[in-house]
Amino acid sequence: MTVFTVALVLVVAAAGLLRWRRPAWYWLAFGVTLAALRVLVRYRSVMDACGLTVPPARWRLSLARATNRPIPEPRPPRIRRLRPTRTGLVLRLKLRPGQDVFDIAAASDRLRHSFSMFGVTSREVRSGVVEVRMTGYDVLKRVQMPAETETRAMRVPVALREDGSVHYRDYRAIPHALTLGATESGKSVYQRNLVAGLAPLDVALVGIDCKQGVELFPLARRFSALADSPDTAAELLDALVARMADVYCLIRTQQRITVDVPDAEIAADIWDLPDELRPTPVVVLVDEVAELALYATKEEERRRDRIITALVRLAQLGRAAGIYLEICGQRFGSELGKGITMLRAQLTGRTAHRLNDETSANMAFGDIAPDAVLAAIQIPAELRGLAIAGDASGGWHRIRAPHTSLRQAVNLCNRYADRTPDLPELAPFRPTTGTATELVPSAKASPATA
């Protein structure tokens with residue numbers, strides 16, 4: 001056996017081992033080159049087989065007949081760019097006249113099989129240009145966030161999408177969101193990633209955790225206000241509504257609507273105010289919304305109406321005042337009482353982990369993306385952390401947040417405790433904490449997401 005044969009056997013064995021144990025390493029070492037060659041070699045025949053070609057132009061047919069040349073072949077979309085990524089390939093195509101972006105989307109499953117890729121998704125970049133993202137392996141099986149992400153004010157990375165891109169929570173684009181998930185579905189881990197992403201930012205965190213605070217109170221050093229019961233939550237929400245009114249008064253005094261003031265300088269929300277006058281934005285995390293809506297007595301019913309009314313007001317009017325809602329729960333349906341569907345209508349962002357019933361999935365996606373309802377109820381129980389994320393645009397994605405233990409989240413909140421703003425309106429609800437605890441080294445994160 002020659003040295004070349006031995007080396008070849010070792011390379012093949014190493015590639016097989018990497019593909020089995022470390023698919024990301026295999027992709028970077030071998031897969032990306034093989035996949036790019038496979039796409040370029042098979043491209044024309046695959047597009048023809050998938051019905052993604054158009055007949056040649058009439059002038060080309062006339063020219064071929066006049067010169068007695070062979071009839072030109074049908075033309076596929078033109079490849080404008082082929083870019084490798086850490087998880088797959090990005091193919092940018094220029095559509096031919098008569099083609100539509102929905103043709104590419106409808107053929108995505110056939111393209112996946114033809115190019116031997118794990119997943120294929122497409123989106124329209126602009127008129128006539130489509131971006132096709134191909135993943136070489138299951139990126140949601142072992143979530144590894146990229147080392148560098150695009151972060152800016154009120155925009156944090158929280159999960160990884162099935163196409164390998166990062167899923168961001170952008171509060172300025174989608175101010176309010178609803179997150180649903182049954183027990184042991186990964187909803188708490190998603191919430192920890194959200195708090196961990198917000199902790200380094202200049203933002204006030206307000207939490208409502210009616211499970212006696214077992215989820216949010218360990219992170220108390222980074223929270224400006226916390227409530228652990230419906231009674232305290234009602235008072236806290238009233239304080240937020242009062243803060244919202246004060247912020248609007250500040251914006252009104254700073255509008256300076258005169259003839260000589262340019263339109264771009266007229267203040268309409270807190271982000272139009274000067275930095276020295278801008279109030280601190282507030283993110284309100286409600287851990288279990290059903291506990292706020294349930295009641296058994298007349299007194300509890302009055303409290304419930306007070307809470308839901310305050311939440312609806314914050315959802316309708318809070319964006320310009322810099323108040324953003326994150327509503328979480330295991331169950332969300334119209335049986336929670338009046339005002340619930342009105343509240344849902346204001347929650348643009350929707351994220352659903354594994355759900356136990358179709359009604360909750362319909363409440364999450366029935367009004368914005370009906371196709372996502374079936375995907376949400378089909379999430380297997382063993383894939384904790386897998387979720388469906390959508391918004392009012394009708395698009396949706398499968399996402400999975402990286403596993404973040406409670407100790408890791410606590411360490412991050414303790415590290416950035418000095419960034420916790422002291423808001424006078426919320427001072428009565430400021431959690432009492434002891435001295436800063438020393439950061440405890442956390443165990444190595446498990447590849448599975450809890």
Side-chain angles (χ1 to χ4, degrees), residues 119 121 139-141 143 156-163 165-171 173-195 197 215 283-293 311 315 324-336 340-404 448-450:
T121 59
V139 298
L140 300 184
K141 184 178 181 180
V143 178
V156 295
V158 292
L160 198 66
R161 292 181 177 179
E162 61 179 341
D163 61 1
S165 60
V166 178
H167 179 72
Y168 292 92
R169 179 69 178 93
D170 192 343
Y171 287 94
I174 302 177
H176 313 300
L178 172 66
T179 302
L180 299 178
T183 303
E184 295 296 321
S185 65
K187 178 169 55 68
S188 297
V189 173
Y190 178 86
Q191 192 177 58
R192 289 175 205 158
N193 278 276
L194 193 59
V195 173
E215 291 287 348
V283 176
V284 183
L285 294 101
V286 180
D287 184 62
E288 188 54 67
V289 66
E291 286 298 319
L292 300 177
L311 285 175
Y324 308 101
L325 297 181
E326 283 287 341
I327 307 295
C328 303
Q330 299 181 26
R331 180 79 175 85
F332 196 84
S334 58
E335 69 275 3
L336 293 180
I340 287 297
T341 54
M342 184 185 299
L343 175 61
R344 182 197 65 164
Q346 305 297 327
L347 305 177
T348 308
R350 311 285 176 83
T351 302
H353 295 75
R354 178 178 54 82
L355 298 171
N356 292 330
D357 61 301
E358 188 175 351
T359 304
S360 293
N362 279 317
M363 285 292 286
F365 299 113
D367 58 333
I368 61 172
D371 294 343
V373 174
L374 185 61
I377 61 178
Q378 288 181 339
I379 297 176
E382 61 270 13
L383 289 180
R384 291 184 296 176
L386 188 65
I388 307 297
D391 54 50
S393 66
W396 59 275
H397 307 272
R398 288 183 178 86
I399 65 170
R400 197 179 191 189
H403 179 73
T404 301
T449 303

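The structure presented is a predicted model; accordingly, all values stated were derived computationally and were not measured.
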K.L.:
Who passes salt bridge (Lys or Arg N to Asp or Glu O under 4.0 Å) against R398, sequence neighbours left out?
P.N.:
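So R398 forms a salt bridge (Lys or Arg N to Asp or Glu O under 4.0 Å) with E162.
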K.L.:
Roughly how far apart are R192 CZ and K187 NZ, rounded to 0.5 Å?
P.N.:
10.5 Å
K.L.:
Give me the atom names and distance for the closest heavy-atom approach of A401 to N193.
P.N.:
CB-ND2, 3.8 Å
K.L.:
Just how far is it from atom CZ of F332 to atom CG of L343, taken to the nearest 0.5 Å?
P.N.:
5.0 Å
K.L.:
Let me confirm one number: the CG-CE distance from L311 to M342, rounded to the nearest 0.5 Å.
P.N.:
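One gets 12.5 Å once the value is rounded to the nearest 0.5 Å.
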K.L.:
Rounded to the nearest 0.5 Å, how far does CE of M363 lie from CG of L347?
P.N.:
9.5 Å
K.L.:
Is the shortest side-chain heavy-atom distance between T348 and H176 below 4.5 Å?
P.N.:
no
K.L.:
Measure across I399 and A389 and return the closest heavy-atom pair with its distance rounded to 0.1 Å.
P.N.:
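For I399 versus A389, the nearest heavy atoms are CD1-CB, 3.8 Å.
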K.L.:
Can you name the residues that form a salt bridge (Lys or Arg N to Asp or Glu O under 4.0 Å) with R169, not counting sequence neighbours?
P.N.:
E326
K.L.:
Can you list the residues that meet the side chain to side chain contact (heavy atoms under 4.5 Å, CB included) rule with I377, with sequence neighbours excluded?
P.N.:
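With sequence neighbours excluded, I377 shows a side chain to side chain contact (heavy atoms under 4.5 Å, CB included) to E358, A361, L374, given in chain and number order.
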K.L.:
Ring pair (Phe, Tyr, Trp, His ring centres under 6.0 Å) with Y324: which residues, sequence neighbours excluded?
P.N.:
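Here the qualifying residues are Y171.
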K.L.:
Under the rule for side chain to side chain donor-acceptor pair (under 3.5 Å), what residues qualify as partners of S165, not counting sequence neighbours?
P.N.:
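So S165 forms a side chain to side chain donor-acceptor pair (under 3.5 Å) with D163.
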K.L.:
Mind listing the closest non-hydrogen atom pair of A387 and T351 along with its distance?
P.N.:
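Residues A387 and T351, closest heavy atoms: CB-CG2, 4.0 Å.
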K.L.:
Is any side-chain heavy atom of T359 closer than 4.5 Å to one of R331?
P.N.:
yes
K.L.:
Nearest 0.5 Å, what's the CD1-CD1 distance between I388 and I379?
P.N.:
4.5 Å
K.L.:
Side chains of L194 and T179, heavy atoms from C-beta outward: is any pair under 4.5 Å?
P.N.:
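Answer no - side chains too far apart.
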K.L.:
Sorted by first residue and then second, give each ring pair (Phe, Tyr, Trp, His ring centres under 6.0 Å) pair with at least one member in residues 344-388; sequence neighbours left out.
P.N.:
Y190-H353
K.L.:
Can you list everything that forms a salt bridge (Lys or Arg N to Asp or Glu O under 4.0 Å) with E291? Sequence neighbours excluded, please.
P.N.:
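Residues passing salt bridge (Lys or Arg N to Asp or Glu O under 4.0 Å) with E291: none at all.
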K.L.:
I'd like to check the side chain to side chain contact (heavy atoms under 4.5 Å, CB included) partners of A345; sequence neighbours left out, ordered by chain and number.
P.N.:
none
K.L.:
Using the test side chain to side chain contact (heavy atoms under 4.5 Å, CB included), find all partners of V139 that sit at least two apart in sequence or belong to another chain.
P.N.:
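Once residues adjacent in sequence are excluded, the partners of V139 under the side chain to side chain contact (heavy atoms under 4.5 Å, CB included) criterion are T87, Y137, L160.
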K.L.:
State, to 0.1 Å, how close P402 and V189 come at their nearest heavy-atom pair, and which atoms those are.
P.N.:
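Reported closest heavy-atom pair: O-CG1, 3.6 Å.
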K.L.:
Who are the side chain to side chain contact (heavy atoms under 4.5 Å, CB included) partners of D170, not counting sequence neighbours?
P.N.:
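With sequence neighbours excluded, D170 shows a side chain to side chain contact (heavy atoms under 4.5 Å, CB included) to R152, R155, R172, A173, given in chain and number order.
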K.L.:
So which heavy atom on L180 is nearest to which on A364, and how close?
P.N.:
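That would be CD1-CB, 3.9 Å.
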K.L.:
Taking the side chain as C-beta and beyond, is there a heavy-atom pair between L325 and V286 under 4.5 Å?
P.N.:
no
K.L.:
Say you draw a straight line from CG of L140 to CZ of R161; how long is it, rounded to the nearest 0.5 Å?
P.N.:
11.5 Å
K.L.:
With Q330, which residues qualify under side chain to side chain donor-acceptor pair (under 3.5 Å), at least two apart?
P.N.:
T183
K.L.:
State, yes or no, whether a side-chain contact exists between R384 and R354 at a heavy-atom distance under 4.5 Å.
P.N.:
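SC-SC contact between R384 and R354 ruled out.
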